[in-house]
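The structure appears right after this line, and notes come after that.
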Amino acid sequence: MKLRHEYKIFIDHFDYMTIRPKLKALIPQDINAGQNGEYKIRSLYFDNSDDKALWEKISGINMREKFRIRCYNDDYDFIKLEKKCKFNGLCSKVSERITKEEVRRIIEGDVKWMLDSGRPLLSELYVKMKTEQLRPKIIVDYIREPFVYKAGNIRTTIDRNIKTSIRNIDILDPNVPMVTAEGNLMILEVKYDNFIPAFISDIINIENRQTSSFSKYVVSRIYG
């Protein structure tokens, strides 16, 4: 499991208008982005009745994990189950493909098949659903602008237009009601292996802004 550095900064519209042109001028955009340099992400997060994942994140627990189902641009032919882990400030992510039909079964509570699926991550989620009572909790949508610099494996993203469902977990419904989370909040996120070149640090260095441990999951849970 590869561990990477990660940090996030909350930014406003002025920050966005300052940083984005510099990133576009100096760092290649992710090849998976569309012609406008962005794509939509929709995630269905899991948590238990005690909100274990939520409170571990808010409390800054050094070793924690969260599961989510994720798709892009409302394309339900390509869906991933992901587990993201944090270890003393470093992060890692493992994922595997999952079908639309399998997602539907999980949403509806039909999960016994997961244990014998032959896919380790699905089997692990099944065990956590049984032992820790993990359940699909909330949908989070946002628009991402990704930039990738190969040296150092640096990925810089700007996430905006963050929206959340209100007690609705049907990630497969493109028309599920969503509400805006935290007004015009945007998140600048940087992930890297070992180092960040000085010119990238200069771009993302925003005066009077501090890195934050909050996540899109946390800011979205204000609604339920």
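Any value given below was found using the heavy atoms of this structure, including those in side chains, with hydrogens, waters and symmetry copies removed.
- Residues Met129 and Met114 meet the side-chain proximity criterion, which asks for heavy atoms closer than 4.5 Å.
- Counting heavy atoms from C-beta outward, Lys191 and Glu189 have side chains that approach closer than 4.5 Å.
- A salt bridge is defined here as a Lys NZ or Arg NE, NH1 or NH2 lying under 4.0 Å from an Asp or Glu carboxylate O, and Lys22 with Asp202 fails to meet this definition.
- Glu82 has its side chain out of reach of Val94: every pair of non-hydrogen atoms, C-beta onward, lies at least 4.5 Å apart.
- Here the side chain of Asp47 pairs a donor or acceptor atom with the backbone of Lys52 at under 3.5 angstrom.
- In terms of modelled atom types and a separation under 3.5 Å, the side chain of Ser117 and the main chain of Arg119 share a donor-acceptor contact.
- Counting only heavy atoms from C-beta outward, the side chains of Asp74 and Lys40 approach each other to under 4.5 Å.
- No single ILVMFWY cluster, assembled from side-chain heavy atoms under 4.5 Å apart, contains both Leu26 and Phe195.
- A salt bridge between Lys24 and Glu145 is absent, with no side-chain N of the basic residue lying under 4.0 Å from a carboxylate O of the acidic one.
- Under a cutoff of 6.0 Å and an axis angle of 45°, Lys57 and Tyr217 do not form a cation-pi pair.
- Side-chain atoms of Arg64 come within 3.5 Å of backbone N or O of Ile61 as a donor-acceptor pair.
- Taking CG of Leu81 as the start and CZ of Arg68 as the end, the distance is 10.5 Å to the nearest 0.5 Å.
- In this structure, Trp113 is a member of the same hydrophobic cluster as Leu121, with clusters built from ILVMFWY side-chain heavy atoms closer than 4.5 Å.
- In the displayed structure, Lys128 atom NZ is contacted under 6.0 Å by more than 12 heavy atoms of other residues, nucleotides or ligands.
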CA sep, side-chain torsions, deciding dist, call: Ile196, Val190, side chain to side chain contact (heavy atoms under 4.5 Å, CB included): CA-CA 9 Å; Ile196 300 179; Val190 183; 3.9 Å; yes
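- Between the side chain of Asn73 and the backbone N or O of Asp75 there is no donor-acceptor pair closer than 3.5 Å.
- Linking Ile, Leu, Val, Met, Phe, Trp and Tyr residues whenever their side-chain heavy atoms come within less than 4.5 Å places Ile19 and Met17 in a single cluster.
- Contact of the Ile166 side chain with the Val179 side chain is registered, since non-hydrogen atoms from C-beta on lie closer than 4.5 Å.
- Between the side chain of Asn153 and the backbone N or O of Lys150, no donor-acceptor pair lies under 3.5 Å.
- Ser165 contributes atom OG, which lies 5.0 Å from atom CD1 of Ile138 (distance to the nearest 0.5 angstrom).
- Put simply, Phe10 and Val218 are part of the same group of oily side chains (I, L, V, M, F, W, Y) that touch within less than 4.5 Å, one to the next.
- Thr157 places no side-chain N or O within 3.5 Å of a backbone atom of Pro146 that could act as its donor or acceptor partner.
- With hydrogens and angles ignored, the 3.5 Å screen pairs a side-chain donor or acceptor of Glu96 with a backbone N or O of Leu122.
- In this structure a side-chain-to-backbone donor-acceptor pair under 3.5 Å is present from Asn48 to Asp51.
- In this structure, the side chains of Val140 and Ile162 come closer than 4.5 Å at one or more pairs of heavy atoms.
- Under the 3.5 Å distance criterion, the side-chain polar atoms of Ser43 are left unmatched by any main-chain donor or acceptor of Arg70.
- Checked for salt-bridge contact, Glu38 and Arg20 miss the test: no charged N lies under 4.0 Å from a carboxylate O.
- Annotation: the span from Ile107 atom CD1 to Asp170 atom CG amounts to 5.0 Å, rounded to 0.5 Å.
- Distance check, rounded to the nearest 0.5 Å: CZ of Arg155 to CG of Asp193 gives 13.0 Å.
- No continuous path of ILVMFWY side-chain contacts below 4.5 Å connects Phe147 to Ile143, so the two sit in separate hydrophobic clusters.
- Scored by the side-chain hydrogen bond (donor to acceptor under 3.5 Å, both in side chains) test, Tyr126 finds no partners at all (sequence neighbours excluded).
- Contact check for Leu125 versus Phe46: side-chain heavy atoms found under the 4.5 Å cut-off.
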message: As a quick check of understanding, evaluate side chain to side chain contact (heavy atoms under 4.5 Å, CB included) for Asp30 and Tyr39, giving each step before the final call.
response: CA-CA 10 Å; Asp30 190 328; Tyr39 50 77; 4.2 Å; yes
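- Lys100 and Glu102 are not joined by a salt bridge, as no carboxylate oxygen comes within less than 4.0 angstrom of a charged side-chain nitrogen.
- Applying the ring-ring contact (aromatic ring centres under 6.0 Å, His included) test to every pair with at least one member in residues 149-182, sequence neighbours left out, gives these pairs: Tyr149-Phe199.
- Val176 pairs with exactly one of Ile171, Asp141, Ile139, Ile169 by the side chain to side chain contact (heavy atoms under 4.5 Å, CB included) rule, that one being Ile139.
- Under the 4.5 Å side-chain criterion, counting only non-hydrogen atoms from C-beta, Ile106 is not in contact with Arg104.
- Checked for salt-bridge contact, Glu101 and Arg105 miss the test: no charged N lies under 4.0 Å from a carboxylate O.
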